[in-house]
S.K.: 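Dropping the structure in here first, questions after.
Residue numbers start from 1 in every chain, and the chains themselves are labelled A, B, ... in the order their sequence lines are given, proteins ahead of strands.
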2 protein chains.
Amino acid sequence: MRRDSRLSGVLHVLLHMAEHNGPVTSEVLAKAMGTNAVVVRRIMAGLREAGYVRSEKGHGGGWVIHRDLEKITLRDVYDALGHPSLLAMGNRTESPGCLVEQAVNAALDSAFADAEALLLSRLGEVTLAQLSADFHARLSARSHSSSMEISDVH
Amino acid sequence: MRRDSRLSGVLHVLLHMAEHNGPVTSEVLAKAMGTNAVVVRRIMAGLREAGYVRSEKGHGGGWVIHRDLEKITLRDVYDALGHPSLLAMGNRTESPGCLVEQAVNAALDSAFADAEALLLSRLGEVTLAQLSADFHARLSARSHSSSMEISDVH
DNA sequence: GATTTCGTAATATTTGAAGTTACATGAGAC
DNA sequence: GTCTCATGTAACTTCAAATATTACGAAATC
C-alpha cells in the first residue's frame with residue numbers, strides 16, 4: 001500500500017500560505033510541494049468546504065487561509081480530508097462466521113481502535129499556530145547558526 | 001492502498017493449528033482462510049525462521065506450532081512477519097530541506113511514533129493462549145445458546 | 001474579449017499486497 | 001527405487017488506492 005501523504009502535503013501547503021500575504025495560486029503551492037496543481041486543488045477542496053480556506057478565481061486569485069491559525073488543529077485538517085484510514089493493517093474478513101477469526105478480530109480491533117484514538121487525540125492537540133511557531137523557531141535557529149548549514153530555505 | 005491483512009491472516013491460521021492435533025497442510029489452512037496455499041506458506045515463512053512453527057514435508061506433513069502458546073505474543077507474530085508498516089499515513093518527503101516541511105514532519109512524526117508505540121505495546125500484551133481462550137469462550141457461548149444462532153463454526 | 005485561475009472529470013502511473021502458476025526439493029508410502 | 005504428497009520459492013498476474021497528468025469548463029480580472 002502506498003502511504004497516504006495528503007495530510008503531510010496539505011499542512012505543508014497551509015504553512016506556506018500562512019507565510020504569504022494575499023492569495024497563493026495552486027501552481028505556486030504545487031511547486032513548493034513538488035507536485036501538480038491539480039493535486040493541490042484536490043486536497044484543498046475539503047478544507048474549502050470546511051471553511052478553513054477560501055479560493056478565488058481570476059487574476060490575483062488563489063488560496064487564502066480563512067480562519068485563525070490557533071483555531072485549526074491537525075485533527076481538523078485530517079477530518080477535512082475526509083478522515084482517510086490511519087492504519088495500514090486491517091482484518092482479513094470484517095464479519096467472519098468463523099469463531100477463530102472472530103476472536104482474532106476482536107483482539108486486533110481493540111488494539112487498532114486504541115492506536116487510532118491516540119493518534120487522533122494527538123492531532124487534536126496541535127494547532128497550525130504551533131506548527132507555524134515551530135517553523136519560525138527553526139528559521140531563527142538556522143539564520144543565527146554558523147555557516148555549517150547547507151540546505152536551503154524555500 | 002490495499003490494507004495489509006497478513007497479521008490477521010496468520011493469527012487465524014495459528015489458532016486453527018492450535019485446535020488441530022498433528023500437522024496441518026498449507027492447503028487446509030488456505031481453505032480456512034479462503035486463500036491460496038502459497039500465500040499461507042509465504043506468511044508462515046517468517047514464523048518458521050523465528051522458531052514459532054515448524055513445517056514438515058511429505059506424507060503426513062504440514063505445519064505445527066513449536067512453542068507454548070503462552071510464550072507467543074501478537075507482537076512476536078508481527079515481528080516475525082518482518083514488522084510491516086502499521087500506519088497508512090506518512091510524510092510526503094522524509095528529509096526535506098524546506099523548514100516548513102521539517103516543522104510539519106516533526107509534529108506528525110511525533111504523533112505517528114506514539115501511536116505506533118501504543119499499538120505495538122498492545123500487541124505485546126496479548127498472547128496466542130489468550131486468543132485461544134477467547135475462541136473457546138465464544139465456542140462455548142454459542143453451543144450453550146438457543147438455536148437463534150445461524151452462522152456456522154468451521 | 002483575452003488571460004488567469006479555480007473546478008473537476010477522465011485517464012494513466014505507481015506501489016505493494018494478494019493471488020496464481022510452475023517447478024524443484026525432501027519425506028514418507030509402497 | 002519410484003510414486004505421491006507436501007513444502008520452498010521464483011516469476012508473473014491481478015487488484016486497490018494514492019498520486020500524477022491531461023483536458024476542458026466556469027468565473028473573475030485586466
Side-chain angles (χ1 to χ4, degrees), chain A residues 1-10 12-13 17 20 22-49 53-64 66 78 81-94, chain B residues 1-10 12-13 17 20 22-49 53-64 66 78 81-94:
Chain A
M1 142 198 57
R2 177 185 275 182
R3 226 139 159 201
D4 185 342
S5 68
R6 276 176 293 183
L7 181 58
S8 165
V10 77
H12 186 180
V13 153
M17 286 164 61
H20 206 272
V24 191
T25 67
S26 309
E27 207 65 55
V28 168
L29 294 173
K31 286 247 169 65
M33 270 178 61
T35 182
N36 192 290
V38 175
V39 174
V40 172
R41 293 191 195 116
R42 203 147 51 199
I43 64 181
M44 295 291 279
L47 297 204
R48 185 182 54 229
E49 281 164 29
V53 300
R54 272 199 334 199
S55 60
E56 280 153 29
K57 294 180 174 179
H59 278 277
W63 298 89
V64 195
H66 197 237
Y78 165 78
L81 291 178
H83 29 264
S85 69
L86 295 170
L87 296 178
M89 314 195 61
N91 292 323
R92 195 170 179 85
T93 308
E94 229 34 77
Chain B
M1 146 211 333
R2 177 183 279 185
R3 223 136 160 203
D4 185 342
S5 67
R6 278 176 291 182
L7 181 58
S8 166
V10 76
H12 186 180
V13 153
M17 286 165 61
H20 206 273
V24 190
T25 67
S26 310
E27 208 65 55
V28 168
L29 294 173
K31 287 246 169 63
M33 269 179 61
T35 183
N36 192 290
V38 176
V39 174
V40 172
R41 292 190 195 118
R42 202 146 53 197
I43 64 181
M44 296 290 280
L47 297 206
R48 185 183 52 230
E49 280 164 31
V53 299
R54 270 199 334 198
S55 59
E56 280 154 29
K57 295 181 175 178
H59 279 277
W63 298 88
V64 194
H66 196 239
Y78 166 77
L81 290 178
H83 28 265
S85 69
L86 295 170
L87 297 178
M89 315 196 59
N91 292 323
R92 196 171 179 83
T93 307
E94 228 34 75

S.K.: Mind checking Arg54(B) for me? I need base, sugar-phosphate or nothing, with any heavy atom below 4.0 Å counting as a touch.
M.R.: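 Arg54(B): no heavy atom of the nucleic acid under 4.0 Å.
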
S.K.: Less than 3.5 Å between a donor and an acceptor, one on the side chain of Arg42(A) and one on the base of dA18(D), is that the case here?
M.R.: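 Checked by distance alone, the answer is no.
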
S.K.: Once you build an axis from the first five pairs and another from the last five of the helix from dG1(C)-dC30(D) to dC30(C)-dG1(D), how far apart in angle are they, to 10 degrees?
M.R.: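 One end's axis against the other's: 10°.
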
S.K.: With nearest nucleotides of DNA chain D determined for His59(B) and Val39(A) from heavy-atom distances, which residue corresponds to the more 5′ nucleotide?
M.R.: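 Comparing both residues, the 5'-ward one is His59(B).
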
S.K.: Residues two or more places apart in sequence or in another chain: which of them pass salt bridge (Lys or Arg N to Asp or Glu O under 4.0 Å) with Arg48(B)?
M.R.: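 Partners of Arg48(B) by the salt bridge (Lys or Arg N to Asp or Glu O under 4.0 Å) criterion come out as none, since no residue qualifies.
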
S.K.: State which residues pass side-chain hydrogen bond (donor to acceptor under 3.5 Å, both in side chains) with Ser26(A); sequence neighbours excluded, sorted by chain then number.
M.R.: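 Ser26(A): side-chain hydrogen bond (donor to acceptor under 3.5 Å, both in side chains) contacts with Arg41(A), Trp63(A).
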
S.K.: Taking 4.0 Å as the cut-off, does a side-chain nitrogen or oxygen of Arg6(A) come that near to OP1 or OP2 on dT19(D)?
M.R.: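 It does, given that an N or O in the side chain of Arg6(A) lies less than 4.0 Å from OP1 or OP2 of dT19(D).
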
S.K.: Between C1' on dT20(C) and CD1 on Ile43(B), what's the gap in Å once rounded to a whole number?
M.R.: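 Between C1' of dT20(C) and CD1 of Ile43(B): 16 Å.
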
S.K.: Please list, for nucleotides 22-27 of chain D, all pairs of protein and nucleotide N/O atoms separated by less than 3.5 Å.
M.R.:
unit_1	atom_1	unit_2	atom_2	d
dA27(D)	O4'	Lys57(A)	NZ	3.4

S.K.: Taking the side chain as every heavy atom from C-beta outward, state whether Thr93(B) and His12(A) have any atom pair closer than 4.5 Å.
M.R.: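 No, every pair of side-chain atoms sits at 4.5 Å or beyond.
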
S.K.: Distance check needed: dT15(C) P versus Arg92(B) CZ, whole Å only.
M.R.: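 In whole Å, dT15(C) P and Arg92(B) CZ are 14 Å from each other.
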
S.K.: Does a side-chain heavy-atom distance below 4.5 Å link Arg3(A) with Met89(B)?
M.R.: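 Contact flag for Arg3(A)/Met89(B) side chains = no.
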
S.K.: Given atom CZ of Arg3(A) and atom C1' of dT19(D), what is their separation to the nearest angstrom?
M.R.: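 That distance rounds to 16 Å.
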
S.K.: Does Ser26(B) have a side-chain nitrogen or oxygen under 4.0 Å from the phosphate oxygens OP1 or OP2 of dA6(D)?
M.R.: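 Checking dA6(D) against Ser26(B), no side-chain N or O comes under 4.0 Å of OP1 or OP2.
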
S.K.: Sequence neighbours left out, what passes salt bridge (Lys or Arg N to Asp or Glu O under 4.0 Å) with Arg6(B)? Give chain and number order.
M.R.: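 Salt bridge (Lys or Arg N to Asp or Glu O under 4.0 Å) list for Arg6(B), sorted by chain: Asp4(B).
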
S.K.: It should be established whether Ser55(B) places a side-chain nitrogen or oxygen under 4.0 Å from OP1 or OP2 of nucleotide dT7(D).
M.R.: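 No.
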
S.K.: At what distance, to the nearest 0.5 angstrom, does CZ of Arg42(A) lie from CG of Asn36(A)?
M.R.: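 These two atoms lie 8.0 Å from each other.
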
S.K.: Can you tell me if the side-chain N/O atoms of Thr35(B) get under 4.0 Å from OP1 or OP2 in dG19(C)?
M.R.: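 Yes, Thr35(B) has a side-chain N/O under 4.0 Å of OP1/OP2 on dG19(C).
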
S.K.: OP1 or OP2 of dA18(D) less than 4.0 angstrom from a side-chain nitrogen or oxygen of Ser5(A), does that happen here?
M.R.: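 Negative; the distance criterion is not met.
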
S.K.: How about Met17(A) and Met44(A): do any of their side-chain heavy atoms sit closer than 4.5 Å?
M.R.: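 Side chain of Met17(A) against side chain of Met44(A), heavy atoms only: contact under 4.5 Å found.
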
S.K.: Among residues at least two apart in sequence or on other chains, which ones pass side chain to side chain contact (heavy atoms under 4.5 Å, CB included) with Glu49(A)?
M.R.: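 Partners of Glu49(A) under the side chain to side chain contact (heavy atoms under 4.5 Å, CB included) test: none.
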
S.K.: Nearest-Å distance, CG (Asp4(B)) to C1' (dC15(D))?
M.R.: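 The distance from CG of Asp4(B) to C1' of dC15(D) comes to 15 Å, rounded to the nearest Å.
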
S.K.: Any non-hydrogen side-chain atom of Val53(A) less than 4.5 Å from a side-chain atom of Val64(A)?
M.R.: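 Answer no - side chains too far apart.
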
S.K.: Would you say dG8(D) has OP1 or OP2 under 4.0 Å from some side-chain N or O of Arg48(B)?
M.R.: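 Result: yes.
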
